[in-house]
Amino acid sequence: MEPLAPPRHRPREPFARRVKRWLADHDPGGIDTTRALALGISFVIVIVTGYATSVGFRLGMDTTFPMMAGCAALVMISFNPGASVAAEGRTMLRLFGVSVAFLALLTAIGPGNGPANDMVQKLLLIPLSFIALALRRNGMDGQRLGLALIVVATVGTIIRPTRMEAAMLLLAFCQGALVAAAVRLSPWRPSAVNAFVDTTLDMQGAVASYLRELSAAVRENHPFPPDASEVLEHLRGRVWNALANAIAEDPAAHSDFEQLRVRFYRLRVAVQLLAGCVPKNTPDTVDWRQPFAAAADHIARRLEAVDVSDVHAEERFERAVAQLRHVAFSPDLPGEARFALLRALTAFDRLSMVVTGIAAAEMAPFPPPHPDAEPDVLPPPPKAIPVFVKGPDGRQILSAPYRVACQGAVATAITTAFDLLIHLDHAYWATMTVMFVIGNSVGETYTRVRYRTVGTLIGVALGFGLFVALEGQIWVMAAFCMLAQMIAVVTQKDRYDIASAAVGLSVVLGLHIISGLGPEGMIARVYETAIGAAVALAVSFMVLPVYLTDQVRPEVRALLRRCRSAFASWWPHPGETTSVAALVQDVRGLGLRLPHLGAEQVFGHSAGDVANIVSTLDVLITYLALMEDVAHRLAATNPSEQLVTVVEAARSRTLTAFEVVLGQAGPGSADAANPAVAAAVSTVLGLADDAKLRETLPLVADYLAYSEALLRPLRELNAGLRDKPWRKEDMIAAGAAPATPAP
């Protein structure tokens with residue numbers, strides 16, 4: 001017997017191609033890459049103009065003047081997320097106002113005028129830290145303002161200017177801010193809206209390819225691989241990132257962007273569900289494959305050319321669907337295959353409507369959703385979090401942003417004490433580290449501490465290597481310094497570890513260029529960063545700790561109550577209906593905190609596998625959205641009393657399953673409806689001979705299928721919301737367990 005050949009490994013993708021693919025997913029349209037390029041250009045201009053200003057006016061600040069101008073460019077661009085020119089201009093004004101206010105205070109103090117002034121400036125960092133962190137009560141905009149304030153304060157601490165020098169630094173900051181504003185706010189910038197449209201077109205092409213592969217597999221009787229949808233799932237994240245950038249660029253069109261995203265979301269889900277409607281182990285006596293494949297090919301062609309109207313192609317599609325409907329009621333097919341084809345009919349109908357909606361959006365992109373609305377009115381800004389909020393026991397407690405602000409003040413006081421008592425050479429590094437790593441919870445602080453410490457170690461090691469290899473090549477090192485800052489801008493949103501390494505590299509190289517920082521100073525950068533990180537983590541854990549895991553269970557239960565309320569309002573219940581569309585954003589917001597939630601298990605506040613909880617919620621809301629669509633369409637058909645009875649049985653079971661998860665019913669309550677639902681399925685198939693009901697039966701089949709599919713995520717969430725820590729294994733086992741008959 002010949003030995004088995006070794007497994008073939010996929011060749012490793014070149015690094016440049018991997019970087020390009022990562023940027024395509026995380027920075028669609030090059031929005032952040034353009035910001036990084038603007039930062040690099042601004043650095044070059046402010047260094048040249050700052051040096052020329054210092055030499056021309058004989059200020060004697062040939063390094064510190066361009067350094068502060070570069071700090072202004074860094075603050076104006078790094079802490080200003082990509083948005084419209086008007087929005088970025090407003091943010092720049094806020095950043096400029098906060099920074100200039102501190103520099104004016106620095107001019108009044110003049111720390112370089114004597115030891116007392118220096119002491120005042122160091123002690124001033126403590127209340128500044130509290131103020132900077134308290135600004136988080138205003139959301140991300142406040143958080144960026146606070147970080148900008150700390151960066152400017154740290155640079156002022158490093159320079160320690162006299163009053164006159166501080167006044168010159170104020171002018172340098174103004175110069176750098178003007179240069180950064182001129183470069184960044186120029187009209188030559190990519191459109192985030194166009195990037196969003198291009199990303200949806202990529203999704204459209206991927207769905208067409210998916211349908212082509214499904215059609216070929218059905219026609220040739222080959223199994224359709226389950227991993228075929230990986231490309232669609234991969235593009236899903238890109239669409240989300242592009243959507244966020246587009247909304248930031250044009251907030252007034254938020255509703256239009258969201259409508260287009262929802263269309264492509266439904267398109268993706270519809271084609272994936274269609275793959276689950278392919279009958280298995282069916283006899284060859286009934287030809288259902290040809291009409292199924294022909295209908296799939298037609299949808300693929302429409303996606304590939306949505307702007308082309310082909311009447312004959314539409315007629316062929318209708319014939320294929322009619323033939324498939326005829327086959328679906330054939331007595332020669334087993335019941336399971338007939339049920340699958342009934343659902344396939346609804347899937348093709350849904351796909352046709354979604355593609356029509358996409359075609360309308362592409363022919364007239366982003367029409368105003370409400371003609372009587374004012375298109376230029378921006379959404380109201382988020383409300384600031386109050387100082388005190390109601391705790392779990394009903395008493396007033398300090399809100400999370402102010403608790404974090406107290407942590408920052410304590411941690412900064414500790415690092416300042418280290419400076420005053422043991423005279424750390426670069427204690428400001430520890431203080432700045434405190435401000436950058438203290439997060440909005442213990443878990444977030446832990447995550448940022450880990451990334452910041454490891455990233456700084458890597459960045460300093462790289463900086464030391466470049467320092468040795470390029471000794472004397474000042475301009476080459478300056479180029480590496482600027483490149484590192486640009487990398488940090490691009491990666492700080494999704495790869496904080498890489499951003500921290502880039503910042504560490506740029507800091508040590510920049511300080512070497514400006515002040516001749518040597519190996520000892522570079523090593524100090526590592527251990528003093530570690531000191532600041534350790535202090536921040538200890539204080540976050542011991543002083544008024546904030547745990548996101550304490551908020552997760554109530555949040556999940558609240559989301560489930562909203563899901564049940566929305567489901568209960570749909571047909572056949574009379575009254576005003578509630579949509580689940582808003583829940584999608586809330587689940588995504590919960591998912592963004594996953595790394596921080598998982599990190600809190602180190603401190604005994606584990607929520608277990610929170611990622612599984614959030615993904616289960618996402619699946620639940622997906623099926624609810626499909627049931628909402630089917631319920632609306634069933635209501636429009638005015639179904640017979642028999643079909644209403646069938647739907648009521650499935651609806652009652654679903655409502656009971658929600659009550660079980662919310663603790664309002666016993667564990668086996670939902671199973672009591674299983675015999676009635678099973679009988680309903682037989683009833684659906686038994687009504688096949690009634691010509692009046694044939695058009696409605698596919699919708700009922702879909703409703704029953706989604707009702708059955710909905711039980712699994714509900715069972716998993718019921719297992720996950722118990723008092724014991726959440727475990728992925730328990731949740732999966734609960735979801736996969738067969739329903740038990742009622743006693």
Side-chain angles (χ1 to χ4, degrees), residues 31-32 34-36 38-39 71-103 128-154 173 177 180-181 184-185 189 192 240-241 243-254 257 376-387 389 399-405 407-408 432 435-441 444-445 448 488-490 492-494 496 499 546 548 585-586 588-589 592-593 596:
I31 307 303
D32 286 334
T34 303
R35 289 175 57 228
L39 179 62
C71 175
L74 181 67
V75 165
M76 290 294 167
I77 295 178
S78 293
F79 298 112
N80 194 346
S84 64
V85 171
E88 288 192 37
R90 288 191 295 268
T91 302
M92 284 185 176
L93 287 176
R94 289 194 293 268
L95 293 169
F96 182 79
V98 169
S99 304
V100 166
F102 172 78
L103 290 174
L128 278 177
S129 300
F130 179 87
I131 294 171
L133 290 172
L135 287 172
R136 296 186 180 186
R137 66 190 292 266
N138 298 307
M140 284 303 299
D141 286 341
Q143 184 166 327
R144 295 186 189 100
L145 279 175
L147 291 175
L149 176 60
I150 291 301
V151 167
V152 176
T154 303
F173 189 90
R184 176 58 190 156
L185 302 181
R189 46 193 284 158
W240 271 111
N241 291 329
L243 173 66
N245 291 335
I247 292 173
E249 183 174 283
D250 190 1
H254 187 164
F257 300 146
D376 296 331
V377 176
L378 297 178
K383 295 182 179 179
I385 300 174
V387 179
V389 295
S399 62
Y402 284 95
R403 297 170 80 176
V404 172
Q407 294 171 2
M432 186 170 65
M435 296 306 302
F436 273 92
V437 301
I438 281 191
N440 299 309
S441 68
E444 184 176 350
T445 301
R448 296 177 74 86
V489 169
V490 175
Q492 63 184 354
K493 184 169 59 177
D494 297 309
Y496 188 68
V546 179
L548 285 177
Q585 295 287 353
D586 295 336
R588 176 168 171 78
L592 292 176
R593 294 179 284 168
H596 312 145

If you take all heavy atoms of [X] and [Y], which pair is closest and at what distance?
{"X": "Leu39", "Y": "Ser78", "value": "CD2-OG, 3.9 Å"}
{"X": "Val404", "Y": "Val546", "value": "CG2-CG2, 4.4 Å"}
{"X": "Ala177", "Y": "Phe96", "value": "CB-CD1, 3.7 Å"}
{"X": "Arg144", "Y": "Phe79", "value": "CD-O, 3.3 Å"}
{"X": "Val490", "Y": "Asp32", "value": "CG2-O, 3.8 Å"}
{"X": "Val75", "Y": "Ser99", "value": "CG1-OG, 4.2 Å"}

Item to check | Residues Arg184 and Asn80: side-chain donor-acceptor under 3.5 angstrom | outcome: no
Just how far is it from atom [atom1] of [X] to atom [atom2] of [Y], taken to the nearest 0.5 Å?
{"X": "Ile438", "Y": "Gln407", "atom1": "CD1", "atom2": "CD", "result": "6.0 Å"}
{"X": "Ser84", "Y": "Leu185", "atom1": "OG", "atom2": "CG", "result": "10.0 Å"}
{"X": "Leu135", "Y": "Arg94", "atom1": "CG", "atom2": "CZ", "result": "11.5 Å"}
{"X": "Leu145", "Y": "Leu149", "atom1": "CG", "atom2": "CG", "result": "8.5 Å"}

Checklist entry - Stepwise, does the side chain to side chain contact (heavy atoms under 4.5 Å, CB included) test hold for Val151 with Phe436? => result CA-CA 10 Å; Val151 167; Phe436 273 92; 3.5 Å; yes
Checklist entry - Are Arg90 and Leu93 side-chain neighbours, meaning at least one heavy-atom pair lies under 4.5 Å? => result no
Checklist entry - Ion pair present between Arg35 and Glu88, side-chain N to carboxylate O less than 4.0 angstrom? => result no
Checklist entry - Can you tell me if Thr445 uses its side chain to pair, donor with acceptor, with the backbone of Gly439 under 3.5 Å? => result yes
